[in-house]
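Protein chains get the first letters and strands the later ones, always in sequence-line order, with residue 1 at the start of each. The analysis underlying the following values was restricted to heavy atoms, covering all of them including side chains, and did not include hydrogens, waters or symmetry mates.
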Number of protein chains: 2
Amino acid sequence: MGDTPGVSEPTLEEQIAAYQREFRDLDPQVEKIVSALSRLNRRMNVAYGRQTAALGISNAEWEVLKALVLAGAPYRLGPSDLAKRLGLTPAAMTHRIDRMVGEGLVTRERDESNRVRVIVELTDEGREKWLEAMRMATVFEEDLLQDLSSEDRGVLGEVLTRLLRRVEDAQPDAGGRLSDLD
Amino acid sequence: MGDTPGVSEPTLEEQIAAYQREFRDLDPQVEKIVSALSRLNRRMNVAYGRQTAALGISNAEWEVLKALVLAGAPYRLGPSDLAKRLGLTPAAMTHRIDRMVGEGLVTRERDESNRVRVIVELTDEGREKWLEAMRMATVFEEDLLQDLSSEDRGVLGEVLTRLLRRVEDAQPDAGGRLSDLD
DNA sequence: AAGCTAAAGTTCGAAGTTGAACTCTACACC
DNA sequence: GGTGTAGAGTTCAACTTCGAACTTTAGCTT
């Protein structure tokens with residue numbers, strides 16, 4: 001097998017060098033930021049995935065739990081609201097809720113004051129799962145940022161929010177699905 | 001229908017405030033960084049998705065084109081290598097390549113020197129698509145970072161790579177799928 | 001009041017992904 | 001040289017998602 005050298009994923013530095021070779025007018029500074037961001041995000045999702053799996057749920061389900069908790073007590077939202085917040089189609093939301101009802105994480109009932117609507121509500125078990133996931137997540141996040149001084153953290157948070165505001169203004173979620181795509 | 005107030009996605013600030021309400025020992029500084037990162041990434045993927053869609057390809061296909069270009073001339077990789085780099089199962093890779101062969105973006109042929117292997121190679125059309133996507137992406141990225149001074153960009157790039165190194169060390173891709181999950 | 005229109009959810013079929021089983025080739029060992 | 005083992009890639013069934021069609025209810029309009 002002396003044929004193919006160790007063809008593993010290129011490092012960030014190799015990747016940037018390769019892009020510059022193939023695409024002359026590339027700003028390496030910009031590329032570094034964008035690529036690091038994207039890789040970092042992927043790794044973080046993997047980490048979250050391992051943690052939620054340890055709790056017997058999926059990242060997808062964790063997203064639903066988070067949205068419900070964020071809504072505040074009594075932790076209720078309609079399927080459409082949930083779908084909007086998670087960037088899913090209503091169809092996908094229907095199935096996701098089916099599953100989670102089956103697992104006892106949420107309940108689904110018709111809104112008697114407006115019978116077109118459905119209310120999805122967090123169960124105690126769902127809330128408990130969220131809490132455990134949250135505990136694990138914060139440990140991981142704290143570890144991730146361990147090497148950053150408090151000032152660095154402040155600056156990083158500021159810069160990222162600045163960038164976020166810029167995309168959000170350019171992309172006012174109008175109309176469009178916020179599908180994840182990656 | 002004056003019943004449900006405008007239940008739209010909470011802003012980053014609202015989200016952090018809500019989490020603090022529900023989970024006492026949450027570091028708002030950490031949460032801000034992590035949430036901004038994740039939202040930013042989602043928005044960026046939406047933006048890339050619109051651009052690649054304008055070229056008649058998907059983000060998924062763009063990822064394959066990128067991996068092949070990164071491999072350097074003659075732009076060849078095996079399905080397993082591709083799968084590893086993209087964080088997909090070999091099964092998914094098979095189907096993805098099927099599609100892309102049908103669209104003329106890549107070719108697939110057996111490696112005559114080792115007939116177990118398959119070589120996926122970028123076509124000229126595939127390379128051209130990559131180039132156009134790259135041009136659009138860099139315009140978007142430059143616009144995204146427009147408000148950041150060169151020093152800010154440098155610092156941001158450094159900090160992000162530092163974080164990336166930290167997760168990569170803790171998570172040496174060993175064994176595990178690098179599935180995206182969100 | 002009858003009918004229109006809009007909105008909420010669900011159902012259905014097509015597309016993409018996954019994990020597991022399977023096939024085929026290359027290489028090592030006795 | 002035959003057998004075994006490991007690796008590459010594909011096939012298959014189950015699951016998740018999407019887009020579009022559809023059902024049901026609420027609120028308008030005349």
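Of the possible polar contacts, one joining the B/E61 side chain to the B/S58 backbone as a donor-acceptor pair under 3.5 Å is found. Checking side-chain atoms of A/N59 against main-chain N and O of A/N45 turns up a donor-acceptor pair under 3.5 Å.
Regarding contacts with the backbone of D/dG19, every side-chain N or O of A/T89 stays at 4.0 angstrom or more from both OP1 and OP2. In this model, the phosphate group of D/dT10 is approached by a side-chain N or O of B/R108 to a distance below 4.0 Å at OP1 or OP2. Phosphate contact (OP1/OP2 of C/dG16, side-chain N/O of B/R99, threshold under 4.0 Å): present. Regarding contacts with the backbone of D/dT10, every side-chain N or O of B/R110 stays at 4.0 angstrom or more from both OP1 and OP2. Under 4.0 angstrom from either OP1 or OP2 of D/dG9 there lies at least one side-chain N or O belonging to B/S80. At D/dG9, none of the side-chain N or O atoms of B/R96 fall inside 4.0 Å of OP1 or OP2 (strictly under the cut-off).
Using cut-offs of 30° and 60° for the angle between ring planes, the B/F23 and A/W130 rings count as perpendicular.
Mapping B/V118 and A/V116 onto DNA chain D by nearest heavy atom places B/V118 closer to the 5' end of the strand. Nearest-nucleotide positions on DNA chain D for B/H95 and B/P79 put B/P79 closer to the 5' end.
Regarding A/D98, its CG atom lies at a distance of 14 Å from the C1' atom of D/dT17, rounded to whole Å.
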